[in-house]
Q: 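Here it is, the structure, as structure tokens.
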Amino acid sequence: MAEIPKTYEPTAIEEKWYAQWLADGEFTAHPNSQKPAYSIVIPPPNVTGVLTLGHVLNNTIQDILARRARMLGKEVLWLPGTDHAGIATQTVVERTLKKSGAIRHRDDLGRDAFLEKVWEWKEKHGGIIIQQLKKLGCSCDWSRERFTMDAAYSACVSRVFVDLYKKGLIYRGKRMVNWCPASLTALSDEEVIMKPQNGTMYHFKIAVAEEPLTFLTVATTRPETIPGDTAIAVNPSDPRYARFIGKHAIRPLPLHLFGEQKLIPIIGDTAVDFEFGTGVLKVTPAHDKADFEIGQRHRLPVIDVMNSNGTMNAHAGESLAGLDRFEARKVAVEHLRELGFLVKEEPYQNNVGYSERADVPVEPRLSEQWFLKYPSVKQARAVVADGTMKFHPERWAKVYDHWLGGIQDWCISRQLWWGHRIPVWYRREKLDAAIEASVADEMLETALDAGEADLAIPRQELSVKIHGPVVPLGVQDAGGESVAQTSTADIHVGVEPPEDVENWTQDPDVLDTWFSSWLWPFATMGWPEKTQTLARFYPTTDLVTGPDIIFFWVARMIMAGFEWTGEPPFKNVYFTGIIRDKQGRKMSKSLGNSPDPLDLIAGFGADALRFGVMRSAPLGVDILFDEKNVELGRNFCTKLWNATRFRQMHGGETEAEIDPALLTSDDRWILLRLDGAIREVTLALEEYRFSDAANALYRFFWGEFCDWYLEAAKAALGNLGSKEDASESAVELPKIHVLNPASANTLAVIDFTLAHTLRLMHPFMPFITEELWHALGFHDDMPADQGGRTIMFAHWPAPFDDDFKIHYGLTPEADAAALAKHDTVTLGRGLRRDSGIAANKRVRFVLKPAAELPAHDAAVLKILLHAETLDLDPNYLPPRATPVALAPLGELFLPLEGLIDVEAERERIGKEIAKVEQELTKVRAKLGSETFVSGAPAKVVEEHRKREIDWQERLSQLQRISADL
RNA sequence: GCGCGGUUAGCUCAGUGGUAGAGCAUUGCCUUCACACGGCAGGGGUCGCAGGUUCGAAACCUGCACCGCGCACCA
């Protein structure tokens, strides 16, 4: 075995081992193996994405779960892949093409040519994040990598669409949808985020046609939509306004020459809140969901005054047409002001829906879209509610349940090109007729607005003309509720195109990206074929994802799982926190507060990044990312590295048998603590408490093994010789040192501890543990598939059983003995400090032992106290004012020949006495309370009495020492 | 408006009924033969506020304040 370099250099080691693991096929899942299955599907990152800290958190957790499952003897499938991410990818590619000057708009290329470009882009950049996940150490089964637009996967998407259509759950209808004027597509409700806005509430007067000089005042935040108003509504039980119902108002906009303004009806509707605003509502059915519903109830015309990109159209009037909606607002206000109708403007804060992707306000818009009535909602709700599927942390179950309880139909069509095209074809001639009808609609609306049609036309008739379906496919009942598809003659819905495809036109829209993602757990495993992979690894065991996509993805996957496989797709869902910066802000490119994980890996190592992130990510809490955490991870790696070097310098046989007869108190103690660490880490991982597991490893390895055990072991291992000697001898390594049995036994304990610790650490820090596993030769005697080839398959350490503990004398007493020694050392070091002794100065200590002290313990004390000598003298008579500590192992003196400072010692002891008296007062106050003594459990009272005695004894000793001064 | 979290050391967070903790930061000493990406020893907290339950509350209950998030929203 070659000497381990002084500093851990991660890069080369990471590359070496990852390549080795891949070459040996360690990550590949074998459906035929006899082992129990463990599986997890990756939340597919966007195909054009790059690794973020969020991915690091998410995928490190998955890797920990996967690697530990392998060590537990499971057959593990961690299935990776990427998502085509419709809007995001199309936007990125289109923007890039525009920037390069290749096109001004995607229409310049046309659908097919544009899609070709997107595929080119995908081939070129699509692999980046996959390569980055490999750098992180992810043990995914890359042979099973999937993409949501793979041919087989796409076939699944079409298949479920057709299936849902046949079940009557998918329908097409003209409805109010969330329209993104930037992306030019409809969005689902989940893609809209409400943001508070500092806007203005405008109050304007509107004349009542039948009563000269009578005005109503309307409050609105959107005066630019006045041209789209088709009614004024008041609450029928509002005494102020009820009498106006049935009359008409004179709509002020669009402006007309000679004041030929349109009359719109004043209607009564209970939806109007007379507490709010003025109690008079302008009704704009085309641009507000609530208004649309009022419009439906009253059969009001719908006048869309905007173009799809958010600019005003001709219906808005000449002065507004062509303006952006926000520009138009200002102009509309000016018009009202000039007309003398503007009553007041006041600052107003309201919530406005924004497009999540494009970050612009969405426009409620009436349009023809495909909708889905969610399937298997009942089962999806029940499986979480009854605890069959577990959420970690649990509180997300409530959020999930609440959402499913109020679930609305899902708008699944998107006016994009990049995605799964809707598998629906229309007969050409029917479509042409429909387009004519649509044009007729437009003409009617225009006619209405131009005053050529009369609003006195019976409303029902008008409504039929205006609301007649553009394409007669889906139907809705009067309440807007969907009902099953009734007519199938003119449309073809199928996985395959119709045979006479030349007579048909495919629906131009694509499906929402999540309409493919929700099939991920089984579509990636070959569904609907009954593949071995599916049979063996579905349902999956764990899902790890962020709570921000609980509705987008998790809930929908659960429904899809039930609908097409009859089973929930996973057993546990772990929700990570959200990574934020030090100030608690979300990571974003525009803020520039998002460090590149690849830089962090290059600077600190993948293991350091993984450990640092895991250590600071408690269950269910957002993570404030600080590079300091990664530094801590790097430092921990270095510590591990150097502790291993220390072991290696001593040579000797690797992993020799431990002889119970030769065990020291320190050996027993560290074995006990190792057992504790095994239990703690195991339990924490079972409960998905990753940061607790990482902390337990850190505390055990650094705070117990390195700080105490290895330091104490130096006593047992004897003189090493000088540093120079050590490095010289290193040149001749490997060399077998001649070791006495005590030293050999110590090395055996170190090896035992390291071998277990490396395995506990491996899921967190795969690279360094693999390197050291081999460097120390722990793989030598192992079966190839149980740690011989790689630590990946070494068995996860089991807590020690009683036989083991008895055999090695691992008793509570052994633990207490070591702790007594540690406390004694700490007190002795305190004496050094208080006496102003430099840390590097060797001094003489004298211990008046409370009990017989084994030679080994005396030797350890001497080393840990950095003492020149440690005299054990039961009858020691210290010179006056010799600093002394009352330690568990006895009175520890620090004789300061010729340097005695009575005052300093008096002060030191005085402080100590004050402290003890304080504690004594506290405990006596409790014991003096009758209610405590009679009310508290006997055990607690007893414990307090003992505490009182201890403190009292200590106080007496201190007082004696003080008197002797 | 409803719901869910949170409020403990300068910072980030553990701690769920019995002697207030960790990491980072900070102070002092030390380049001692694994490690200065280190060692040793310190300093630092009326546990958001007010009530209540209890022998005993950072922890349990109630109310309030503030911070964050989600859902729903009235123009």
Side-chain angles (χ1 to χ4, degrees), chain A residues 4 6-8 194 201 218-222 225 233 271-284 288 290-291 348 350-351 393 395-396 398-399 402-403 406 547-548 550-551 578 580 582 584 604 608 615-616 618 620-626 628-629 631-650 691-692 695 698-699 703 706-707 710-711 714 719-727 825-826 829-830 832-834 836-842 863-864 866 919 922-923 926 929-937 939-941 943-944 947 951:
Chain A
I4 303 172
K6 182 168 170 177
T7 308
Y8 174 52
M194 301 307 280
M201 180 72 85
V218 179
T220 182
T221 53
R222 301 201 64 188
T225 63
V272 180
D273 176 358
F274 47 87
E275 302 276 313
F276 190 88
T278 59
V280 182
L281 174 69
K282 70 192 258 313
V283 183
T284 325
D288 185 280
D291 287 6
Y348 182 71
N350 64 341
N351 284 320
R395 64 189 152 85
W396 293 111
K398 204 170 172 178
V399 175
H402 183 252
W403 184 74
D548 47 337
I550 186 167
F551 310 140
I578 304 219
R580 299 170 180 281
K582 267 187 279 192
F604 299 101
R615 205 186 143 280
S616 56
V621 177
D622 285 356
I623 296 106
L624 301 197
F625 180 81
D626 186 339
K628 290 270 180 204
N629 290 322
E631 272 181 43
L632 176 132
R634 187 265 321 261
N635 296 350
F636 189 49
C637 287
T638 306
K639 191 74 180 176
L640 172 62
W641 188 258
N642 280 297
T644 307
R645 286 180 73 228
F646 173 81
R647 160 64 188 96
Q648 201 188 35
M649 286 172 67
H650 291 86
S691 68
D692 288 342
N695 272 313
Y698 187 92
R699 186 195 45 71
C706 291
D707 287 350
L710 285 188
E711 293 305 319
K714 287 173 183 174
N719 294 330
L720 257 180
S722 70
K723 194 175 195 172
E724 290 72 28
D725 291 346
S727 55
V825 168
T826 302
R829 287 167 174 170
R832 289 182 62 115
R833 174 197 147 103
D834 292 342
I837 305 213
N840 61 345
K841 192 164 183 234
R842 289 177 182 275
I863 283 206
L864 295 185
H866 202 59
E919 292 298 334
K922 260 158 73 177
V923 79
K926 273 199 160 183
S929 153
E930 183 52 40
T931 49
F932 174 74
V933 177
S934 57
K939 207 179 99 189
V940 173
V941 177
E943 194 267 331
H944 277 74
R947 212 187 290 169
W951 286 121

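Below, chains carry the letters A, B, ... as their sequence lines are ordered, and counting in each starts from 1.
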Q: Would you please confirm or rule out a distance under 4.0 Å between OP1 or OP2 of B/G23 and any side-chain N or O of A/Lys628?
A: no
Q: So, the side chain of A/Asn629 versus the backbone of A/Ser616: is there a donor-acceptor pair under 3.5 Å, distance only?
A: no
Q: For the backbone of A/Leu640 and the side chain of A/Arg645, can you confirm whether one donor and one acceptor N or O come within less than 3.5 Å of each other?
A: no
Q: Can you check the distance between B/C13 and B/G45, where both ends of the measurement are the C1' atom (answer in whole Å)?
A: 14 Å
Q: Quick one: is B/U31 close enough that its OP1 or OP2 comes under 4.0 Å of any side-chain N or O from A/Asn840?
A: yes
Q: Under 4.0 Å, counting only non-hydrogen atoms across every strand here, what does A/Thr278 touch: a base, just sugar-phosphate, or nothing?
A: nothing
Q: Round to the nearest Å and state the distance from A/Asn351 atom CG to B/C74 atom P.
A: 10 Å
Q: Is there a donor N/O on one and an acceptor N/O on the other, under 3.5 Å, for the side chain of A/Arg645 and the base of B/A34?
A: no
Q: Check whether any side-chain N or O of A/Tyr348 sits under 4.0 Å from OP1 or OP2 of B/C74, and answer yes or no.
A: no
Q: Which one is paired to B/G23, where only Watson-Crick or G-U wobble pairs with both distances under 3.5 angstrom count?
A: B/C11
Q: Between A/Arg832 and A/Ala838 (side chain of the first, backbone of the second, donor and acceptor by atom type, cut-off under 3.5 Å), is there such a pair?
A: yes
Q: Given that both distances must come in under 3.5 Å, which nucleotide forms a Watson-Crick or G-U wobble pair with B/C49?
A: B/G63
Q: Could you work out the separation of B/U46 and B/G42 based on their C1' atoms and round it to a whole Å?
A: 23 Å
Q: At under 4.0 Å between heavy atoms, what does A/Cys706 touch on the DNA or RNA strands: base, sugar-phosphate, or nothing?
A: base
Q: Check this one for me: any side-chain N or O of A/Lys714 less than 4.0 Å away from OP1 or OP2 of B/A34?
A: yes
Q: Between A/Thr826 and B/A41, is there a side-chain N or O to OP1/OP2 distance below 4.0 Å?
A: yes
Q: Tell me the partner of B/C33, counting only Watson-Crick (N1-N3 plus N6-O4 or O6-N4) or G-U wobble (N1-O2 and O6-N3) with both under 3.5 Å; none if nothing fits.
A: none
Q: Tell whether A/Thr931 reaches the base of B/C55 with its side chain through a donor-acceptor pair below 3.5 angstrom.
A: no
Q: Mind checking the P distance from B/G1 to B/G63? Whole angstroms is fine.
A: 15 Å
Q: May I ask you to say what A/Met201 touches in the nucleic acid, namely base, sugar-phosphate or nothing, with a heavy-atom cut-off under 4.0 Å?
A: nothing
Q: Can you see if the side chain of A/Asn629 gets near the phosphate of B/C24 - specifically, an N or O under 4.0 Å from OP1 or OP2?
A: no
Q: Quote, to the nearest angstrom, the C1' distance that separates B/U8 from B/G3.
A: 26 Å
Q: Determine whether A/Ile550 and A/Trp403 satisfy the following criterion, side-chain contact (heavy atoms from CB on, under 4.5 Å), listing intermediate values before the conclusion.
A: CA-CA 10 Å; A/Ile550 186 167; A/Trp403 184 74; over 6 Å; no
Q: Does A/Lys939 come within less than 4.0 Å of A/Glu943, counting only side-chain N to carboxylate O?
A: no
Q: Hey, does the side-chain of A/Arg829 have a donor or acceptor N/O within less than 3.5 Å of a partner on the base of B/C40?
A: no
Q: Are A/Arg580 and A/Phe625 in a cation-pi setup, meaning NZ or CZ lies under 6.0 angstrom from the ring centre and within 45 degrees of the ring axis?
A: no
Q: When you measure from the side chain of A/Asn695 to the backbone N and O of A/Ser691, does any donor-acceptor pair fall under 3.5 Å?
A: yes
Q: Would you mind building the protein contact string for nucleotides 2-12 of chain B? One character per nucleotide, 5' to 3', B for base within reach (heavy atoms under 4.0 Å), S for sugar-phosphate only, - for untouched.
A: -SSS------S
